[in-house]
Amino acid sequence: MLEPREGIPPVIADAEALAEVTAAFAAGSGPVAVDAERASGYRYGQRAYLVQLRREGAGSALIDPVACPDLSGLGDALKDAEWVLHAATQDLPCLREIGMVPTRLFDTELAGRLAGFPRVGLGAMVESVLGFVLEKGHSAVDWSTRPLPEPWLRYAALDVELLVDLRDALEKELDRQGKLEWARQEFDAIASAPPPEPRKDPWRRTSGMHKVRRRRQLAVVRELWQTRDRIAQRRDVSPGKVIGDAAIVEAALALPPNVHALAQLSGFGRVNRRQLEQWQAAVDRARELSESQLPQPGQPVTGPPPPRAWADKDPAAAARLSAARAAITALAEELNMPQENLITPDTVRRVCWEPPAPADAGSVAAALAAHGARPWQVEQVTPVLVAALTKES
């Protein structure tokens, strides 16, 4: 499919056109296909730079959320409709920022996982389920570009062109497999989930952190990461475009005493003098911290220890985990779905590390539910976990 059925719709970029689209979509019928394009790798944050919609009776719409930053009116007009998204958890945060929050949704990627499809990207799903090949190739472009080139707009419109058709076909397949109610529980959990909490100590996710062992070096990573983040936010560019993670780790390991030493590092070789001074100031701040101000090597662990340590810390727990993993693997294969969609590995670890007593069906089911498992997951997983937890070692 190379062209949307009604052609490429004009980009909505003013209040009057937005009001017309809102009225048209409110008057439409059935589910509404929704997608958003971000500028990951180009701009700071994960804001939406284009929103695409399609609904029976309204056709397709492309909306510029930079020109129209408040889409809460459109969101309210669609609040009673089922929203169809592909990989919903990726788009919901940026849609929420502009006032679009669904009350009901259908996630075609998650549906594909539950139905056992080996490839669940939108293009692969449309091809295997509907028999259409979508023109792809613009997913990683800079969507903050203005004006957006016509080929990009065509690609964006095609992303919602067949989404409702895909939803209908997947609903039938899930129903055929006896998994439709499971999928509905998953979709409800996504729609009702609160916004994610900001990540604690995000600097610890710097790529290459495993090389950084000493607390003083960790402090350098933290100072350089926070400096980079402030610069990236001010410039509205991706942090990686300011300076790479590899450069941050290199500086942390070298602990350069001055600008001249910093300039010798490969990650800083092309940085101008003024910027070098800025980065060196961050290194110096870390060098001057007292021991009590230095970050700890690891974050506080709230759950079980890493599984590789179980055999030494608690051999019985390690045996329970081994039995549980084998049972979950077998059940996932039997149900033809990924293990992580059957039950999260973290939930399995937590129940195996501190099993309920007695480890009977009622207490294991309650433990799974307490860790956020959906009713269908509790029903499927409880029997195999009970068997694993009570297996003779």
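- Side-chain atoms of Glu82 and Val32, non-hydrogen and from C-beta on, never get closer than 4.5 Å to each other.
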Between Glu20 and Ile12, is the side-chain contact (heavy atoms from CB on, under 4.5 Å) condition met? List the steps.
CA-CA 10 Å; Glu20 291 178 7; Ile12 305 302; over 6 Å; no

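- Scanning both residues, Ala48 and Arg38, for their nearest heavy atoms gives CA-CG, 4.4 Å.
- Side-chain contact between Asp80 and Thr103 is absent, with no heavy-atom pair separated by less than 4.5 Å.
- Contacts classified as side chain to side chain donor-acceptor pair (under 3.5 Å) and involving residues 317-329 (residues at least two apart or in different chains) are given here: Thr329-Gln339.
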Test ring-ring contact (aromatic ring centres under 6.0 Å, His included) applied to Trp225 and Trp203, step by step:
CA-CA 6 Å; Trp225 190 97; Trp203 59 270; 8.2 Å; no

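- Residue Arg228 holds its CZ atom at 3.5 Å from CD1 of Ile248, rounded to the nearest 0.5 Å.
- Remark: Asp35 CG to Leu62 CG distance equals 10.5 Å, nearest 0.5 Å.
- A salt bridge does not link Glu127 to Arg119: none of the charged nitrogens lies less than 4.0 Å from a carboxylate oxygen.
- Dense packing is recorded around CD of Glu340, with more than 12 heavy atoms of other residues, nucleotides or ligands lying under 6.0 Å away.
- Taken from CH2 in Trp83 to CZ in Arg104, the straight-line distance is 12.0 Å, to the nearest 0.5 Å.
- For the residue pair Gln280 / Asp284, a side-chain donor-acceptor distance below 3.5 Å is found, with atom types taken as modelled.
- No donor-acceptor contact under 3.5 angstrom links the side chains of Arg167 and Thr108, judged on distance only.
- Inspection of the Thr227 and Arg285 side chains reveals an N or O donor paired with an N or O acceptor under 3.5 Å.
- Counting heavy atoms from C-beta outward, Leu74 and Ile63 have side chains that approach closer than 4.5 Å.
- Residues Leu148 and Arg146 meet the side-chain proximity criterion, which asks for heavy atoms closer than 4.5 Å.
- At least one donor-acceptor pair under 3.5 Å links the side chain of Asp236 to the backbone N or O of Tyr44.
- Of the possible polar contacts, one joining the Arg215 side chain to the Pro295 backbone as a donor-acceptor pair under 3.5 Å is found.
- The minimum heavy-atom distance linking Leu114 with Ala183 is given by the pair CD1-CA, 3.6 Å.
- Remark: side-chain polar atoms of Gln52 are not paired, donor with acceptor, to backbone N or O of Val160 under 3.5 angstrom.
- Among residues two or more places apart in sequence or in another chain, the salt bridge (charged side-chain N to carboxylate O under 4.0 Å, His left out) test is passed with Asp201 by Arg204.
- Between atom CD of residue Gln275 and atom CH2 of residue Trp279 there is a gap of 8.0 Å, rounded to the nearest 0.5 Å.
- A donor-acceptor distance shorter than 3.5 angstrom exists from the side chain of His86 to the backbone of Val120, with no hydrogens or angles considered.
- Counting only heavy atoms from C-beta outward, the side chains of Gln185 and Gln377 never approach each other to under 4.5 Å.
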Give the table of side-chain donor-acceptor pairs shorter than 3.5 Å for residues 303-315, with sequence neighbours excluded, one pair per line with atom names and distance.
from	atom 1	to	atom 2	distance (Å)
Trp310	NE1	Pro305	O	2.8
Asp314	OD1	Ala316	N	3.3
Asp314	OD1	Ala317	N	3.1

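- Side-chain N or O atoms of Arg213 include one that pairs as donor or acceptor with a backbone N or O of His210 at under 3.5 Å.
- Counting only heavy atoms from C-beta outward, the side chains of Leu166 and Val84 never approach each other to under 4.5 Å.
- Arg55 forms no cation-pi arrangement with Phe25, by the criterion of a distance under 6.0 Å to the ring centre and an angle within 45° of the ring axis.
- In this structure, the side chains of Glu181 and Trp376 stay at 4.5 Å or more apart for every pair of heavy atoms.
- Taking every heavy atom of both residues into account, Arg43 and Ser144 meet most closely at NE-OG, 2.9 Å.
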Side-chain donor-acceptor contacts of residues 1-9 below 3.5 Å, not counting sequence neighbours, with atom names and distances?
from	atom 1	to	atom 2	distance (Å)
Glu3	OE1	Arg154	NE	3.0
Arg5	NE	Glu161	OE2	2.6
Arg5	NH2	Glu161	O	2.7
Glu6	OE1	Arg54	NH1	2.9
Glu6	OE2	Arg54	NH2	3.0

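- Rounding to the nearest 0.5 angstrom, the gap separating the CD1 atom in Ile98 from the OG atom in Ser72 is 10.0 Å.
- The residues Glu277 and Arg274 are annotated as not salt-bridged, no charged nitrogen and carboxylate oxygen being separated by less than 4.0 angstrom.
- Note on Arg350 versus Asp346: salt bridge recorded, some NZ/NE/NH1/NH2 to OD/OE distance being below 4.0 Å.
- By the 6.0 Å contact criterion, CD on Gln293 is enclosed, its count of non-hydrogen atoms from other residues, nucleotides or ligands being greater than 12.
- Partner Leu85 forms a side-chain contact (heavy atoms from CB on, under 4.5 Å) with one of Asp107, Leu95, Ile190 and no other, that one being Leu95.
- Without hydrogens or angle criteria, Arg113 side chain to Asn341 main chain gives no donor-acceptor distance under 3.5 Å.
- Of all the heavy atoms in Thr22 and Ala77, the pair that sits closest is CG2-CB, 3.7 Å.
- Without hydrogens or angle criteria, Lys179 side chain to Leu335 main chain gives a donor-acceptor distance under 3.5 Å.
- Inter-residue side-chain proximity for Glu56 and Val164 is flagged as unmet; no heavy-atom pair is nearer than 4.5 Å.
- Cluster partners of Leu289, by chain and number: Leu294. The rule joins Ile, Leu, Val, Met, Phe, Trp and Tyr whenever side-chain heavy atoms lie under 4.5 Å apart.
- Tyr49 carries Arg47 over the face of its six-membered ring, with the cationic atom under 6.0 Å from the centre and within 45° of the normal.
- Here the side chain of Thr390 pairs a donor or acceptor atom with the backbone of Val386 at under 3.5 angstrom.
- Of all heavy-atom pairs between Ala169 and Val129, the closest is CB-CG1, 3.4 Å.
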Check the pair Ser40, Gln46 against side chain to side chain donor-acceptor pair (under 3.5 Å), reporting the backbone distance first and the verdict last.
CA-CA 6 Å; Ser40 304; Gln46 293 294 317; 3.0 Å; yes

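- Rounding to the nearest 0.5 Å gives a distance of 15.5 Å between CD1 of Ile231 and NZ of Lys241.
- Judged by distance alone, with hydrogens and angles left aside, the side-chain atoms of Gln217 form no donor-acceptor pair with the main-chain N or O of Val212 at under 3.5 Å.
- Surrounding CZ of Arg214 are at most 12 heavy atoms belonging to other residues, nucleotides or ligands under 6.0 Å away.
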Report all side-chain donor-acceptor pairs from residues 361-372 shorter than 3.5 Å, counting only partners two or more places apart or in another chain.
from	atom 1	to	atom 2	distance (Å)
Ser363	OG	Pro358	O	2.4
Ser363	OG	Asp360	N	3.2
Ser363	OG	Asp360	O	3.2
Ser363	OG	Asp360	OD1	2.7

